[in-house]
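Order of the sequence lines sets the chain letters (A, B, ...), proteins ahead of strands, with each chain counted from 1. Predicted model only: the values in this text are computed from it and were never measured. Any value given below was found using the heavy atoms of this structure, including those in side chains, with hydrogens, waters and symmetry copies removed.
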There are 2 protein chains.
Amino acid sequence: MTLGPEIDGGRLLARLDAFAAIGATPAGGVNRPALGAEDRAARALLAGLGAARGFSVFQDAAANLFLRRAGADNDRPPFLIGSHLDSQPTGGRFDGALGTLAALEVLETLEDHGIVTAGPVELVAWTNEEGSRFSPGAFGSQVYAAGAFPSGWQDTVDGNGIRLADELAATFAALPEAVERPLGRPVTGYIELHIEQGPLLEREGALIGVVEGIQGTRWLEVTIEGQVAHAGTTPLADRRDAMAAAAAVIARLQATVMPADADARLTVGRLILAPGAVNVIPGEVTFSIDLRHPSGDEIDRLEAEVGALAAEIAASGGCRLSVRRNMDVAPARFDERLVGIVEGVARRRGFPSRRMFSGAFHDALFMARLGPAAMIFVPCRGGLSHNEAEFVEPHQVIAGAQVLCDAVLEAMPVVETRQMP
Amino acid sequence: MTLGPEIDGGRLLARLDAFAAIGATPAGGVNRPALGAEDRAARALLAGLGAARGFSVFQDAAANLFLRRAGADNDRPPFLIGSHLDSQPTGGRFDGALGTLAALEVLETLEDHGIVTAGPVELVAWTNEEGSRFSPGAFGSQVYAAGAFPSGWQDTVDGNGIRLADELAATFAALPEAVERPLGRPVTGYIELHIEQGPLLEREGALIGVVEGIQGTRWLEVTIEGQVAHAGTTPLADRRDAMAAAAAVIARLQATVMPADADARLTVGRLILAPGAVNVIPGEVTFSIDLRHPSGDEIDRLEAEVGALAAEIAASGGCRLSVRRNMDVAPARFDERLVGIVEGVARRRGFPSRRMFSGAFHDALFMARLGPAAMIFVPCRGGLSHNEAEFVEPHQVIAGAQVLCDAVLEAMPVVETRQMP
């Protein structure tokens, strides 16, 4: 059993510090809105670091930024690794930056060791993954995987009315050395290192999450119509209380769906009732259900279960029910060969790992539609993310990047190792 | 068994029509905000009708309007009957007006029959019962029963910034013939006829509600604090979901409190959650509980039960609970002698009746603090009130007024019947 080249952990940690300084917040986080000045500064730094090592710099029409390290056969589609550089308004230092800078570390490690891979290996920094400035999130990878902008997306504006198209243009202008390339080029594969953004790895003492896929997500909007009536004069038998029915529905769903299936997620994050007076029985309640599961069939089954259960409870309370589907993102199941590679290299390094699904969206969700994809998770303290206190231990950072490097070299084999001067 | 004089049902129905024309809405209801132009017009009409029959017209400092019909011994405190003339913005023709005009009908019936009562009988139209223009409602009867304005009440403004004190002054100016009288004069008793504003009488085919008292009302504000977390990445075991806990609390309370006690009322009319995003587990939920019962002890017990149950459920969901009491109005129990009189006269008239508690506030709640009080309910169609479609059948109107007349004559006995000229 031979292990691949060791990455330079100190260099990677220093890079993380350097990028965390761009848009740094007083509380130790970062604020790097997609395509804004700080994001452009981070892109420029990344492009400069790549160019200094001889990597080619490209941008596509969505401002996805690529650093290309050539291989033996450069007609072969590249193996992509990376993540994103934009952040939430009060985001952490690791979300996105870790995967992007670990990818740079991989390219530099290959360079350091004079490794010639069978085909090119490319770093990608996707545009507007967070979606907190421009909606939708994972904009760059969606456009890349689709191969085109859906009509109208370029006219998207941020909260200040600034057009996405204008910010894309400004981003291109700020990096004139990047060569334009088309959207949707084929890839040999894609691996993204990311923080877990959840508590499982930390709790179980695992260092590496071998991500098998990304949960599907379906958003339902449930409306329960009852009858407005006086809180004092209306006896139980005459009530058609929309809030009582909604509470019964939510309580039952919470008591059944997740306890019955550890892979299921059900969240009621919004609830609005009307008319909303202390002494008036609510006539209408609308609430959201965020339903997630690694299996699309299971999401279908859960949606049907939610609908039937809610209809039964609403009817028994004399209320009418309607359920609308507001969003539906199919689960992604990652390429079993790439997943196996990640699992194998973690094992060879002696890193405790576990297979898992991602509960959050990532650019890999869309890249899995284009070609083989996989993800590597590392723990984050307390499962905390989208938070300035987001933290990953240095040894966890280094372990994640090492697994990424090893996995790339297994997926895109070494054909030659040149003697370095 | 002798029955008292018959009221003039046709006259009463005509009066209801005449008053419904003041502030009439296109949909058949009335809009007569307290102390506004329409309310003043209704007061002027009432005062004129009373003066035309020789009744003395008084107003106190809260603009409560009185029509006094003298009795044999006029040092004796008056027996008061009445209700209010103000309405909700889209109110019905009967809420308040029925009790006020039935009281006028009683005075006129006594006059028609040359009846001399032992002491004076007075009609009262209380100021701002609804509370929809100036807060709080039942303003006039509260001030009357307390004998004084609480400090600051006169500076109350309506939704347009118009001061209550200014509208009181304008109301006095519009009725200069009314003699000023002090607040809080003693009374022999008070009986108020009102529509039920609930469905019980109609459902049971009863014509007369013999009201034993008014439920106590306590308003609680429950806050459940959990932990904001990602809807996708957070497994059940790591959730401290404030909305799941709130739903469980509300569902349990709805399933236990009212089913266990037909006299209890529990309503969750307001609920606010934070942060309120579809894909974020709520960190905080605040909701109201409107708790009512005829027994103050039972309200205490229910509040304790609610608190214990909510604390247990919140704790089992990893959440923290706080409960604040926002309002507390003690139940009123009406005078058993007056209640018995109402029940007896209804029986003698052959009107099906039932004893009941009022779920809504009425001026009688405050008058019960000053002296013996009781109420008479008549059905309203579908239990509907505070609604332009509010409706009482003519025979129900007449029955209610007849019971009021009979009850007054039993509470304030006839000492002489003069031959009418």
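- Contact annotation for residues 208-217 of chain B against chain A (heavy-atom separation below 4.5 Å, listed by residue number): B:Gln215.
- Counting heavy-atom neighbours within 6.0 Å of B:Arg270 CZ, excluding the residue itself, gives a total of 12 or less.
- Applying the salt bridge (Lys or Arg N to Asp or Glu O under 4.0 Å) rule to pairs touching residues 228-249 of chain B yields A:Arg203-B:Asp238, sequence neighbours excluded.
- The part of B:Val280 that comes within reach of chain A is its backbone (N, CA, C, O), which places non-hydrogen atoms under 4.5 angstrom from that chain.
- Looking at A:Val278, both its backbone and its side chain come within 4.5 Å of chain B, counting heavy atoms on both sides.
- Counted by atom type alone, B:Thr267 and B:Asp290 present zero donor-acceptor pairs between their side chains at under 3.5 Å.
- We find that A:Arg325 and A:Glu303 are joined by a salt bridge, their nearest charged nitrogen and carboxylate oxygen being less than 4.0 Å apart.
- Minimum interatomic distance between B:Gly307 and B:Leu321 (heavy atoms only, all atoms of both residues): O-CD2, 3.9 Å.
- The two residues A:Arg265 and B:Gly232 have their closest heavy-atom pair at NE-O, 3.5 Å.
- The minimum heavy-atom distance between B:Ile250 and A:Ala247, with the atom names listed, is CG2-CB, 3.5 Å.
- Listed in order of number, the residues of residues 221-230 of chain B that approach chain A to under 4.5 Å between heavy atoms are B:His230.
- Only the side chain of A:Ser288 comes within less than 4.5 Å of a heavy atom in chain B; its backbone stays farther off.
- At a 4.5 Å heavy-atom cutoff, B:Pro275 makes no contact with chain A through either its backbone or its side chain.
- Annotation: ring-ring contact (aromatic ring centres under 6.0 Å, His included) contacts of A:His194 (sequence neighbours excluded): A:His84, A:His362.
- Heavy atoms of B:Leu200 lying under 4.5 Å from chain A belong exclusively to its side chain.
- Contact of A:Ala277 with chain B is made through the backbone alone, with heavy-atom distances under 4.5 Å.
- Heavy-atom pairs under 4.5 Å with chain A were tallied for B:Ala262, B:Ala246, B:Gly269; the largest tally goes to B:Gly269.
- Residues A:Arg292 and B:Asn279 meet the side-chain proximity criterion, which asks for heavy atoms closer than 4.5 Å.
- Only the side chain of A:Leu273 comes within less than 4.5 Å of a heavy atom of chain B; its backbone N, CA, C and O stay farther away.
- Taking every heavy atom of both residues into account, B:Ile195 and B:Ser385 meet most closely at CD1-OG, 3.7 Å.
- For a residue to count as touching a neighbouring chain, one of its non-hydrogen atoms must lie under 4.5 Å from one of that chain's; by this rule A:Gln254 touches chain B with the side chain only.
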